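Sharing a structure here in structure tokens format.
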Amino acid sequence: FLTRHGVTHFDATVDGMDAETLIRHKEEAAEFGVELEMIHIPLPDSIPLAKDPQRAIDIDLICQYIQNANKAGLRGLNYNFCILRVNNSGGLVQRTKRRQGRGGSTYSSFVLSDYDNKKLTTAGIVKREEAFERAYYFLERVIPVAEEYKIQMACHLNDPPAPVLNGIEKWNWPVFEGLKRFSELIESRYHGFNFCCGVAAEGLENPAEELPSIVKYFTEKEKIFNVHFRNIRGGLHNFCETWPDEGDINMFQIAQILYEADYPYMLMPDHAPQHPDDIPPNGISNRVRQGWSFQFGYIIALIQALENMKT
């Protein structure tokens, strides 16, 4: 499916984190002509929730994942440093009722006024300073290992960015200030972001005007290790995830910024709109859908347009 739609590199969630399993997945992908570059790792709750003594045990486990990734020849690991997990509202990703979209599709959406923001979770109340302290505790222990084994650690942005949701002050709001501070917690070329254009836009008052400079800054700082190339309509506290060609963000402009800054890694679809006719086969990845194939083609076309402009 991936090679049919022009995909040459990808990341994945795998069925085991031991070196042998990672090597098997990478070799199986290579047989189909596509390179498995990175994998998603589950970050145990003890780490963002600061649950000792389990936190130290789980950080050692992450360090072992890093060593295994090196043995398998992977470029890096994607992870989420999320304190907030809300049952029945999206889990790591907070959402409200889906909206109707183009051609009968539906869009993942968030409207703060429709969201139960008074409810507290088992995480309790966590201030932004505490969130950064917990992140630093994690990073100062794993990034030296990542440097030793030359594995990029790519943190996804908390979705959505917001001043406070369910008692948790999100570390990536305000968006630029939060991302800058997170990126500077540890000085290392192996510490950066699995940068989602959509999530960053969700925390901005005017994404069309504000997002390009944010992308440019972190690309030039070499802090972007992957890009989730998705669009939204709306912004802070009220948005929906659209098809890439119809949102408020000029995605060609974003691609051009990345291209001109010599960004060397992947542009990836993310959170494709849903449709009742667009269902993946049983037992197959959720990416094997029309919504994803449309986004693959859209991204490839933008890359070709930029390359043709250069020539």
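Only a predicted model underlies this, so the values are computations on that prediction, with no experimental measurement involved.
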- Query: Hey, what else clusters with Tyr190 if you join Ile, Leu, Val, Met, Phe, Trp, Tyr whenever side-chain heavy atoms sit under 4.5 Å?
  - Reply: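 Listed partners: none, Tyr190 stands alone.
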- Message: Is a donor from one side chain sitting under 3.5 angstrom from an acceptor on the other, for Asp58 and Gln54?
- Response: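 A pair is found: one side chain offers a donor N or O, the other an acceptor, under 3.5 Å apart.
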- Check ring pair (Phe, Tyr, Trp, His ring centres under 6.0 Å) between Phe239 and all other residues, then give those that pass, not counting sequence neighbours.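 Once residues adjacent in sequence are excluded, the partners of Phe239 under the ring pair (Phe, Tyr, Trp, His ring centres under 6.0 Å) criterion are Phe110.
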- Message: Going by side-chain hydrogen bond (donor to acceptor under 3.5 Å, both in side chains), name the residues that satisfy it together with Asn226, two or more places apart in sequence or in a different chain.
- Response: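 Partners of Asn226 by the side-chain hydrogen bond (donor to acceptor under 3.5 Å, both in side chains) criterion, ordered by chain and then number, come out as Arg75, Asn78.
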- Task: Could you tell me whether Glu205 atom CD has more than 12 heavy atoms of other residues or ligands within 6.0 Å of it?
- Result: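 It does not: Glu205 CD has 12 such atoms or fewer within range.
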- Message: According to side-chain hydrogen bond (donor to acceptor under 3.5 Å, both in side chains), who are the partners of Thr3, at least two apart in sequence or on a separate chain?
- Response: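 For Thr3, no residue satisfies side-chain hydrogen bond (donor to acceptor under 3.5 Å, both in side chains) once neighbours in sequence are set aside.
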- Query: When clusters are formed from ILVMFWY side-chain contacts under 4.5 Å, directly or step by step, what else is grouped with Leu120?
  - Reply: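 Ile125, listed by chain and number.
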- Query: Can you list the residues that meet the side-chain hydrogen bond (donor to acceptor under 3.5 Å, both in side chains) rule with Asn286, with sequence neighbours excluded?
  - Reply: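 With neighbours one apart ignored, the set is Arg289.
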- Message: So, applying side chain to side chain donor-acceptor pair (under 3.5 Å) with Asp45, which one of Arg55, Arg85, Lys51 is it?
- Response: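 That would be Arg85.
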- Crowded around Arg102 CZ? As in, over 12 foreign heavy atoms under 6.0 Å?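 Correct, the count exceeds 12.
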- Side-chain ion pair, Arg24 and Glu28, N-O less than 4.0 Å: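 Yes, this pair counts.
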- Could you walk me through whether Gln152 and Tyr265 pass the side chain to side chain donor-acceptor pair (under 3.5 Å) check? CA-CA 12 Å; Gln152 294 176 331; Tyr265 306 123; 2.9 Å; yes
- Identify, with sequence neighbours excluded, every residue that meets ring pair (Phe, Tyr, Trp, His ring centres under 6.0 Å) alongside His156.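 For His156, the residues satisfying ring pair (Phe, Tyr, Trp, His ring centres under 6.0 Å) (neighbours in sequence not counted) are His228.
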- Message: Using the side chain to side chain contact (heavy atoms under 4.5 Å, CB included) criterion, which residues pair with Ile300? Sequence neighbours excluded.
- Response: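 Gln304.
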- Query: Is it the case that His25 and Asp15 place a side-chain donor and acceptor less than 3.5 Å from each other?
  - Reply: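 Yes, side-chain donor-acceptor contact under 3.5 Å.
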- Task: For Ser108, check side chain to side chain contact (heavy atoms under 4.5 Å, CB included) against everything at least two apart and list the hits.
- Result: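 Side chain to side chain contact (heavy atoms under 4.5 Å, CB included) list for Ser108, sorted by chain: Arg95, Arg98, Glu241.
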- Hey, mind stepping through Phe138 and Tyr79 against ring pair (Phe, Tyr, Trp, His ring centres under 6.0 Å) and telling me if it holds? CA-CA 12 Å; Phe138 170 69; Tyr79 69 98; 5.5 Å; yes
- Message: Which residues pass the side chain to side chain contact (heavy atoms under 4.5 Å, CB included) test with Arg141, not counting sequence neighbours?
- Response: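 Checked Arg141 against side chain to side chain contact (heavy atoms under 4.5 Å, CB included); matches are Ile59, Tyr137.
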- Task: Salt-bridge test for Glu260 and Lys310: reply yes if a basic N is under 4.0 Å from a carboxylate O, no otherwise.
- Result: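 No, this pair does not count.
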- Item | Stepwise side-chain contact (heavy atoms from CB on, under 4.5 Å) check, Asn70 with Glu148 | CA-CA 10 Å; Asn70 171 272; Glu148 179 181 355; over 6 Å; no
- Query: What pairs with Tyr217 under ring pair (Phe, Tyr, Trp, His ring centres under 6.0 Å), at least two apart in sequence or on another chain?
  - Reply: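 Checked Tyr217 against ring pair (Phe, Tyr, Trp, His ring centres under 6.0 Å); matches are Phe176.
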- Query: Salt bridge or not for Asp159 and Arg230, using N-O below 4.0 Å?
  - Reply: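 Here Asp159 pairs with Arg230 in a salt bridge, since their nearest N and O are under 4.0 Å apart.
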- Tell me, please, which residues at least two apart from His237 pass ring pair (Phe, Tyr, Trp, His ring centres under 6.0 Å).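 With neighbours one apart ignored, the set is empty.
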